[in-house]
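Okay, structure first, notes after.
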Amino acid sequence: MSVSKRKFKAEVNKILDLMIHSLYSHKEIFLRELISNASDAIDKARYLSLTDKTINPTGDEWQIELIADAEAGTLTVRDNGIGLTRDEAAEALGTIAHSGTKEFLKLLESNKTKDNPELIGQFGVGFYSAFMVADQVTVLTRRADAAPDEAICWKSEADGNYTLEDITKETRGTDVILHLKEDEKEYLKEWELRKVVKQYSDFIEYPVVMDVTRNQPDPDDKEKSVEKTESETLNSRKAIWIKDKSEVSEEEYREFYKHISNDFNDPARTIHYRAEGTTEFSVLLYLPKERPFDIHYQEYKIGPTLYVRRVQIMDHCEAMIPPYLRFVKGVVESADLPLNVSREMLQDNKVVNVIKKNITKKVLDNLATMKKEDLEAYTTFYDQFGRILKEGIHNDFERKDAIAELLLFESTKTEPGKKITLAEYLERMPEDQKEIYYMTGPDRATAESSPYLEVFKEKGLEVLLMTDDIDDLIISSLGQYQEKELQSAVKGDLDLGDSDKKEEKQKEYSDLLALMKEQLKDVVAEVRVSGRLRDSAVCLVSGENDLDPQMEKMFRAMGQNVPQGQRSLEVNPDHPLIAKMQALFTADAKNDRLEEYVDLLYDQALLLEGDRPRDPVAFAKAMSQLMAEGA
Ligand code: ADP
């Protein structure tokens with residue numbers, strides 16, 4: 001029998017050192033790593049056994065076994081997979097052959113891994129994670145095609161060395177025996193192992209079995225109980241995403257959704273398909289019914305769980321999905337990605353980009369179908385996630401038209417709570433209407449009562465009411481729908497078919513307007529006759545390309561520097577007050593009253609916008625005086 005003592009390669013020592021001294025949370029993932037290795041080993045053996053009948057001649061079930069020995073303080077992960085030869089053991093368990101090792105070491109050193117256990121599996125150094133919980137690890141292994149006396153015992157205490165010894169092993173495959181550290185003995189407990197397997201390895205294809213001892217009533221004496229030990233399978237083994245749709249029940253879909261989402265509601269929609277072609281992958285995605293409370297938090301994790309050949313690579317793969325679909329939950333499995341793929345590698349990966357594109361289209365298609373088939377259900381969904389979905393208009397140029405079809409808005413002609421699509425708006429607008437009108441505001445009531453809508457009301461034109469904080473940004477990005485411009489009721493010079501009259505009035509009042517402009521030159525860019533006012537005397541209007549006042553306020557509140565837009569004061573030529581000013585002006589262009597009126601009008605315009613007059617005290621005083629004079 002030959003025992004040989006060998007030294008680990010330098011990078012292994014480094015990894016071990018960091019594993020032992022830097023990783024404190026989620027130590028339980030060592031079990032996921034060992035089970036995943038066992039599963040890989042079985043995959044290989046199973047594949048060989050297809051052509052080599054000596055590999056599993058008796059047709060034993062492929063399985064992974066957990067053996068907790070409380071007396072010895074050991075936990076064994078046993079498989080009947082491919083096993084290792086002496087050379088393979090030295091290579092696989094003494095070096096690190098993966099390309100990502102350097103990056104991984106950097107990451108470990110930067111401390112980012114503490115709360116990111118998935119990183120360990122990603123970098124293909126999973127075996128060494130055993131040393132997070134064990135001070136000694138023994139591996140007994142026999143290649144599937146080797147004789148019992150050709151087996152190997154690998155042993156290490158993570159002290160820079162390991163030993164290799166020839167041994168005899170009756171069964172094929174590998175036992176990884178962990179001599180648990182004193183304070184890691186919880187991994188001997190049935191419930192703990194059960195929990196960890198369920199959490200991380202539930203969908204491993206092979207059964208993960210464990211002997212479970214229970215007290216049962218003694219059949220001979222009902223007063224007494226006897227201990228009975230039975231082998232139990234801990235994982236559900238249901239990789240439903242790679243099954244055919246016809247093989248999965250609604251119930252199974254729902255159960256799986258709850259398992260991966262921590263949502264106790266049923267999903268609003270399930271999307272399950274397999275893509276075939278140059279890149280092959282399976283997708284099982286869900287649209288939730290309700291917005292999770294943490295979806296706006298920075299820590300909210302985006303993206304489906306990524307599996308590569310049934311092994312979970314990361315629980316949230318954000319590279320797979322655009323941020324505006326961050327409410328989507330699910331699983332993607334691809335065989336075209338390497339098992340040791342890292343987040344960094346995923347960022348600009350061809351396969352990932354193909355999958356992401358495909359998923360994005362599928363989700364949007366599904367939303368379109370949902371809207372078509374059951375508008376009520378879609379509206380309920382939209383009320384929860386529309387605010388997020390519409391970010392896509394701004395961020396996904398390629399798909400902004402598809403997303404525009406999914407938008408819903410209330411309007412001046414819908415009942416509160418009822419929404420219409422842009423297509424419906426087009427369908428019911430008068431033939432000679434050239435643009436789609438919209439109005440932004442903090443809520444429906446405020447938007448509806450705004451003076452900016454006066455002319456639309458009078459002419460019976462429908463105006464979409466937009467109450468989400470980002471609507472103005474979204475609509476600017478969209479620009480047009482079906483070649484119709486989207487025109488804000490609060491921005492730009494409106495032309496609703498009265499341009500002749502407007503021009504005429506503009507001429508008539510031009511001197512008065514010039515006087516007003518001169519007095520207000522520091523606060524407005526222009527003073528002009530309005531095409532939108534009917535009852536109010538004045539209003540302030542932003543430039544066509546400026547942020548609307550609501551957005552401007554929002555950005556300012558967030559502490560951002562917003563350039564002051566070019567605002568115009570619009571004047572209602574039919575208002576008695578304006579007529580009176582014109583009369584005063586014609587009589588005496590230097591009348592002091594005019595200056596007072598101009599200031600008052602401008603402050604009124606600020607008030608109508610929901611803002612404050614520039615000097616509230618002066619404003620109140622001037623008002624009171626006017627009222628007293630009028631009385
Ligand atoms: P990875 O599994 O990503 O390659 P690990 O550090 O987990 O990285 O394992 C290193 C290597 O050790 C594996 O590639 C495999 O060759 C070998 N190995 C680990 N566990 C087993 C096992 N249970 N049976 C056979 N080989 C194993």
Side-chain angles (χ1 to χ4, degrees), residues 8-9 11-16 18-19 23 29-49 55-56 62-67 75-101 103-105 108 117-134 137-146 150-156 158 162 164 169 171-178 200-201 204-206 208 306-314 337-342 345:
F8 280 126
K9 286 267 163 27
E11 69 273 14
V12 176
N13 280 324
K14 224 166 168 182
I15 294 269
L16 284 172
L18 288 161
M19 286 281 184
L23 298 173
I29 61 106
F30 81 90
L31 193 57
R32 174 187 75 178
E33 297 302 315
L34 298 184
I35 289 176
S36 150
N37 281 349
S39 168
D40 287 349
I42 296 176
D43 276 342
K44 287 179 197 151
R46 188 171 65 163
Y47 180 71
L48 281 185
S49 75
I55 299 279
N56 183 6
W62 301 107
Q63 69 172 24
I64 300 157
E65 205 177 331
L66 303 184
I67 305 150
L75 172 68
T76 301
V77 180
R78 169 178 293 169
D79 67 65
N80 51 2
I82 190 73
L84 296 163
T85 63
R86 190 184 179 99
D87 287 348
E88 283 169 345
E91 178 63 28
L93 311 178
T95 62
I96 298 173
H98 300 286
S99 52
T101 312
E103 290 168 15
F104 181 58
L105 278 170
L108 276 177
E118 73 227 32
L119 289 169
I120 294 168
Q122 254 169 259
F123 281 89
V125 289
F127 170 75
Y128 301 108
S129 67
F131 286 100
M132 293 196 295
V133 296
V137 176
T138 306
V139 179
L140 310 177
T141 185
R142 175 183 149 198
R143 261 297 287 207
D145 50 9
E150 291 173 333
I152 298 294
C153 170
W154 178 103
K155 200 183 282 188
S156 177
Y162 64 95
L164 281 174
K169 184 173 181 290
T171 51
R172 299 178 167 87
T174 304
D175 289 5
V176 178
I177 306 164
L178 311 182
Y200 294 106
S201 313
I204 289 285
E205 194 176 349
Y206 309 105
V208 177
L306 174 63
Y307 277 79
V308 172
R309 277 168 256 136
R310 203 65 33 72
V311 180
Q312 184 181 319
I313 302 299
M314 57 187 78
L337 287 166
L339 267 167
N340 63 340
V341 70
S342 70
M345 287 156 75

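In each ligand, atom 1 is the first atom listed, and ligand 1 is the first ligand listed. Remember, predicted model here, so these are calculated numbers, not experimental data.
For a threshold of 3.5 Å applied to N or O pairs, the pair formed by D40 and ligand 1 contains no separation below that value.
Heavy atoms of V77 found under 4.0 angstrom from ligand 1: none, in either backbone or side chain. Counting heavy atoms closer than 4.0 Å to ligand 1, residue L34 contributes nothing at all. Counting heavy atoms closer than 4.0 Å to ligand 1, residue A92 contributes atoms from both its backbone and its side chain.
Atoms CH2 and CD1, on W154 and I177 in that order, are 12.0 Å from each other to the nearest 0.5 Å. The structure places CG of L178 at 7.0 Å from OG1 of T76, a figure rounded to the nearest 0.5 Å. Rounding to the nearest 0.5 angstrom, the gap separating the OG1 atom in T141 from the CD atom in E88 is 8.5 Å. Taking OG of S39 as the start and NZ of K44 as the end, the distance is 10.5 Å to the nearest 0.5 Å. From D79, atom CG reaches atom CD of E65 across 10.5 Å, with rounding to the nearest 0.5 Å.
Taking a cut-off of under 4.0 Å to the non-hydrogen atoms of L93, the atoms of ligand 1 that pass are 12 (O). Atoms of ligand 1 lying under 4.0 Å from any heavy atom of F127, numbered from 1 in the order shown and given with element: 5 (P), 6 (O), 7 (O), 9 (O). Atoms of ligand 1 lying under 4.0 Å from at least one heavy atom of G126, given by number and element, are 5 (P), 6 (O), 7 (O).
Distances from atom 26 (N) of ligand 1 to the heavy atoms of I82, I64, L84, N80 put L84 nearest. When D79, N37, T95 are checked for heavy-atom proximity to atom 23 (N) of ligand 1, D79 turns out nearest.
Proximity of T174 to N37: side-chain heavy atoms (C-beta onward) are nowhere separated by under 4.5 Å. R172 is not listed as a side-chain neighbour of N80, based on a closest heavy-atom distance of 4.5 Å or more.
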